[in-house]
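Chain letters run A, B, ... following the sequence lines, proteins first, then strands; residues in each count from 1.
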Amino acid sequence: MPLSFYRRSAAEVAPDLLGRFLVRRLDRTRLVARIVETEAYLGAGDRASHAWQGRRTPRNESLYRAGGRAYVYFIYGMYYCLNAVTGDETNGEAVLIRAAEPIEGVAAMAGHRHLDRRPRPGDLAGGPGKLCQALRIDKGLDGQVLTARPLCLTRGEPVDPSQIAVGRRIGIDYAAEAVNWQLRFALAGNRHVSKPFPWKSSL
DNA sequence: CGGAAGATCCACT
DNA sequence: GTGGATCTTCCGA
């Protein structure tokens, strides 16, 4: 996807990322996964955002770059989460990539996940931490552009708006008024999403 | 299935 | 010192 794709608000980009392909190039392998779940984080005015009230630290520096780069952060002592930075360098907005459906390089992804049985839906990339583990995404990719290797997003299979379900974001119960914002998006009924949920409505 | 607890780092109070 | 944009394992229903 071109840089212009990312230079919009996270709330617009998040649903538009569904169906796109994440292409991760390693030395001898190409891993491809189709995005099925995202969440928008709206920056300074969003209590759930790492950029809440304009917070700016070494960790979240990538949020303050122009849209089209990765923001990768380390969480809970063990996992990484991947975001696509959106908008311009002033707003701190980003889209969390929460889940994807493995398309190519499934065996390699299973290896990265230390999975020895045949993967069931959601096993490899059904959650932001799993997705990063399967695709070998870590701090080394923080700040990288998303328009070229080693990690890029391609057009994939554009999705009809009627297939998009909307709900509340996960794991942000502390976020006061923002807990009910409808900023979680997924392909309705898809089996690779991070949790079964009571989706509210569709777009 | 649903809930609880542990693993374990870093930014911020 | 606290707690988090998580995941896994273990437990009980």
Side-chain angles (χ1 to χ4, degrees), chain A residues 6 9-11 13-15 17-18 22 33 35-64 67 69-87 91-102 109-143 146 165-186 191-199:
Chain A
Y6 302 95
S9 79
V13 175
L17 278 170
L18 299 174
L22 262 171
I35 297 171
V36 300
E37 182 184 352
T38 61
E39 283 177 358
Y41 286 84
L42 304 187
D46 178 0
R47 250 177 228 277
S49 170
H50 290 171
W52 162 241
Q53 287 189 324
R55 292 191 138 96
R56 185 165 185 166
T57 67
R59 174 174 77 146
N60 69 8
E61 191 60 29
S62 298
L63 282 176
Y64 296 96
R69 291 180 182 268
Y71 167 46
V72 180
Y73 64 89
F74 186 62
I75 189 143
Y76 296 121
M78 321 188 89
Y79 298 103
Y80 294 94
C81 290
L82 169 69
N83 293 251
V85 178
T86 69
N91 47 32
E93 293 196 13
V95 177
L96 172 68
I97 314 295
R98 280 196 61 88
E101 174 178 348
M109 292 187 210
H112 298 157
R113 291 270 304 127
H114 309 111
L115 195 76
D116 41 13
R117 64 163 182 276
R118 235 243 321 318
R120 303 216 282 269
D123 274 351
L124 297 183
K130 296 183 199 173
L131 185 150
C132 285
Q133 200 174 8
L135 297 182
R136 283 246 163 131
I137 291 167
D138 62 19
K139 268 293 223 211
L141 292 178
D142 184 42
L146 294 172
V166 186
R168 289 146 51 141
R169 293 174 294 179
I170 298 297
I172 54 146
D173 293 344
Y174 58 87
E177 74 282 351
V179 300
N180 289 317
W181 295 358
Q182 303 287 297
L183 293 175
R184 183 186 183 202
F185 306 90
R191 301 178 6 97
H192 301 268
V193 297
S194 60
K195 311 187 178 257
F197 37 71
W199 290 111

Exercise. Is A/Arg55 near enough to B/dT13 that one of its side-chain N or O atoms lies under 4.0 angstrom from OP1 or OP2?
Worked result: yes

For this session: Measure the distance from CD1 on A/Ile137 to P on C/dT6 and round it to the nearest whole Å.
Result: 15 Å

Problem set entry | Nearest-nucleotide comparison on DNA chain C, the residue closer to the 5′ end among A/Leu63 and A/Asp123 | A/Leu63

For this session: Identify whether any heavy atom of A/Asn83 sits under 4.0 Å from a base atom; if not, whether one sits that close to sugar-phosphate; answer base, sugar-phosphate or nothing.
Result: base

For this session: May I ask you to evaluate whether A/Lys130 reaches the phosphate of C/dT8, defined as a side-chain N or O under 4.0 Å from OP1 or OP2?
Result: yes

For this session: Please list, chain by chain and in numerical order, all residues satisfying ring pair (Phe, Tyr, Trp, His ring centres under 6.0 Å) with A/His112, sequence neighbours excluded.
Result: none

Exercise. Are any of A/Arg98's side-chain N or O atoms less than 4.0 Å away from OP1 or OP2 of C/dT6?
Worked result: yes

Taking only nitrogen or oxygen atoms into account, show me every contact under 3.5 Å that the protein makes with nucleotides 3-7 of chain B, one pair per line with its distance.
none

Exercise. Is the aromatic ring centre of A/Tyr41 closer than 5.5 Å to the centre of the six-membered base ring of C/dA5, with the two planes inclined by less than 30°?
Worked result: yes

For this session: State which residues pass salt bridge (Lys or Arg N to Asp or Glu O under 4.0 Å) with A/Arg120; sequence neighbours excluded, sorted by chain then number.
Result: none

Problem set entry | 5'-most by nearest nucleotide on DNA chain B - A/Ile75 or A/Arg56 | A/Ile75

Problem set entry | Test side-chain contact (heavy atoms from CB on, under 4.5 Å) applied to A/Arg56 - qualifying residues, sequence neighbours left out | A/Asn60, A/Glu61, A/Tyr64

Exercise. Is there a donor-acceptor contact under 3.5 Å from the side chain of A/Gln182 to the main chain of A/Asn180?
Worked result: yes

Exercise. In dot-bracket form, how is DNA chain C paired, counting a Watson-Crick or G-U wobble pair only if both its distances are under 3.5 Å and using | for bases paired to another strand?
Worked result: ||||.|||||||.

Exercise. Starting at CG of A/Asp116 and ending at P of C/dT8, how long is that distance when rounded to a whole Å?
Worked result: 13 Å

For this session: Assign A/Ile172 to base, sugar-phosphate, or nothing according to its heavy-atom contacts below 4.0 angstrom with the strands shown.
Result: sugar-phosphate

Exercise. Mind checking what makes salt bridge (Lys or Arg N to Asp or Glu O under 4.0 Å) contact with A/Arg118, not counting sequence neighbours?
Worked result: none

For this session: Send over the distance from A/Trp181 CH2 to C/dA5 C1', rounded to a whole Å.
Result: 15 Å

Problem set entry | Rounded interatomic separation in angstrom, taking CG from A/Asn60 and C1' from B/dC10 | 12 Å

